[in-house]
Amino acid sequence: MPAARESLLDAAFAALERRPWPRVKMSEVAAAAGVSRQTLYNEFGSKEGLARALVRREADAYLRGVERALAGVSGAAAPRERLAAAAVWTVRSATENPLVRAVLTGSWNERLPTSVRTAPPGEPEPLPAPGELIGEARDRAVRLLEGDWPPGAVELPLACEAVARLALSYVVASAPVADVARMVRTVLA
């Protein structure tokens, strides 16, 4: 039931935007998605299961956004411009989406579903820790840039790691998004 699953996740995200997760009701999420509460429980098992699936979806969307940012800049663009675009995406995504910010930084607050931080026994796909998510973003950047990386430049994995961590610093200590792109260009010049 992929359509119902996405509708339920969309409804849960919308509910989270309106009120803290502890006050989000499963019946409200089901009604907003146009399905029964039983369908919601069949799909996710519990409110914690719904929260874990929601956080997983947002983390995966963040990573797909990193890939789009790296590929979306003109293919002829210098790799540092493409890395700057990925850094800007990281900062924007974390600024606009509290779940992405929490997964990237490990900083959860009372508005968010805090029970998702620890994986229950038998969890098929545990949520990534902040370092793992940044590592996955780095690895995707390396894969997408390896054919275009200039010879003699700093080692590509090191550059991608530095840019990911630089972007993360802008998430933690807020600054204008344009500053992160300028900083990446400067560091990689």
Side-chain angles (χ1 to χ4, degrees), residues 1-70 86-141 161 164-174 177 180:
M1 208 183 269
R5 182 178 182 83
E6 282 306 308
S7 293
L8 286 162
L9 292 170
D10 290 343
F13 189 82
L16 180 60
E17 289 180 321
R18 290 189 305 273
R19 69 182 55 83
W21 186 254
R23 292 185 39 219
V24 170
K25 304 283 186 235
M26 294 292 270
S27 58
E28 161 194 6
V29 172
V35 301
S36 70
R37 217 173 58 192
Q38 187 59 51
T39 298
L40 172 58
Y41 281 102
N42 288 346
E43 190 66 38
F44 299 105
S46 65
K47 188 173 180 183
E48 290 76 25
L50 174 61
R52 292 186 69 71
L54 180 60
V55 172
R56 167 58 62 197
R57 181 182 80 162
E58 299 307 308
D60 289 345
Y62 160 72
L63 291 170
R64 285 190 306 276
V66 167
E67 289 179 344
R68 279 191 309 275
L70 289 163
V88 166
W89 164 254
T90 295
V91 174
R92 272 203 183 112
S93 182
T95 300
E96 295 170 2
N97 187 328
L99 293 175
V100 170
R101 180 182 182 83
V103 173
L104 282 172
T105 64
S107 297
W108 296 81
N109 64 42
E110 67 280 350
R111 286 194 54 84
L112 301 176
T114 57
S115 62
V116 301
R117 291 183 289 179
T118 55
E123 176 68 29
E125 201 175 332
L127 295 173
E132 293 169 338
L133 191 61
I134 286 294
E136 181 62 28
R138 177 208 55 228
D139 293 347
R140 289 177 188 213
E161 176 86 16
R165 292 189 177 280
L166 178 66
L168 186 56
S169 75
Y170 276 77
V171 169
V172 173
S174 298
V177 171
V180 71

Got a donor-acceptor contact below 3.5 angstrom from the Trp89 side chain to the Leu63 backbone? no
What do the steps show when you test Arg56 against Asp60 for salt bridge (charged side-chain N to carboxylate O under 4.0 Å, His left out), and what is the final call? CA-CA 6 Å; Arg56 167 58 62 197; Asp60 289 345; 3.4 Å; yes
So CH2 of Trp21 and CD of Glu48: to nearest 0.5 Å the spacing works out to 9.0 Å
Nearest atoms (heavy-atom pairs only) where Arg111 meets Pro22: O-CD, 4.4 Å
How many angstroms lie between CZ in Arg23 and CD in Glu110, if you round to the nearest 0.5 Å? 12.0 Å
Can you tell me which residue among Val24, Leu99, Leu54 is in a side-chain contact (heavy atoms from CB on, under 4.5 Å) with Pro113? Leu99
First locate atom OG of Ser107, then atom CG of Leu112, and finally report the distance between them rounded to the nearest 0.5 Å. 10.0 Å
Output, in order, the C-alpha distance, side-chain angles, deciding distance and verdict of side-chain hydrogen bond (donor to acceptor under 3.5 Å, both in side chains) for Tyr41 and Ser36. CA-CA 9 Å; Tyr41 281 102; Ser36 70; over 6 Å; no
Within the distance-only criterion (no hydrogens, no angle test), does the side chain of Arg37 pair as donor or acceptor with the backbone N or O of Ala31 below 3.5 angstrom? no
Considering only heavy atoms from C-beta outward, does the side chain of Thr95 approach that of Ser174 to under 4.5 Å? no
Calculate, to the nearest 0.5 Å, the distance between atoms CE and OG belonging to Met26 and Ser46 respectively. 6.5 Å
Determine the minimum heavy-atom distance between Ala164 and Ile134, stating which atoms define it. CB-CG2, 3.7 Å
Provide the full list of side chain to side chain donor-acceptor pair (under 3.5 Å) pairs with a residue in residues 132-141, sequence neighbours left out, each pair given once. Glu67-Arg140, Glu136-Arg140, Arg138-Glu161
Closest non-hydrogen atom pair, Ala4 against Val35: CB-CG1, 4.2 Å
Closest non-hydrogen contact found for Val29 with Ala15 is CG2-CB, 4.5 Å
Closest heavy-atom contact between Val171 and Thr90? CG2-O, 4.1 Å
Spacing of CZ belonging to Phe13 relative to CZ belonging to Arg57, to within rounding of 0.5 Å: 7.5 Å
Residue Arg19 excluded, over 12 heavy atoms near CZ under 6.0 Å: yes
CD of Glu17 to CG of Asn97: how many Å apart, nearest 0.5 Å? 8.0 Å
Looking only at non-hydrogen atoms, find the nearest pair between Leu8 and Leu50 and report the distance. O-CD1, 4.4 Å
Quick one, Arg52 and Phe44 - any side-chain contact, counting heavy atoms below 4.5 Å? no
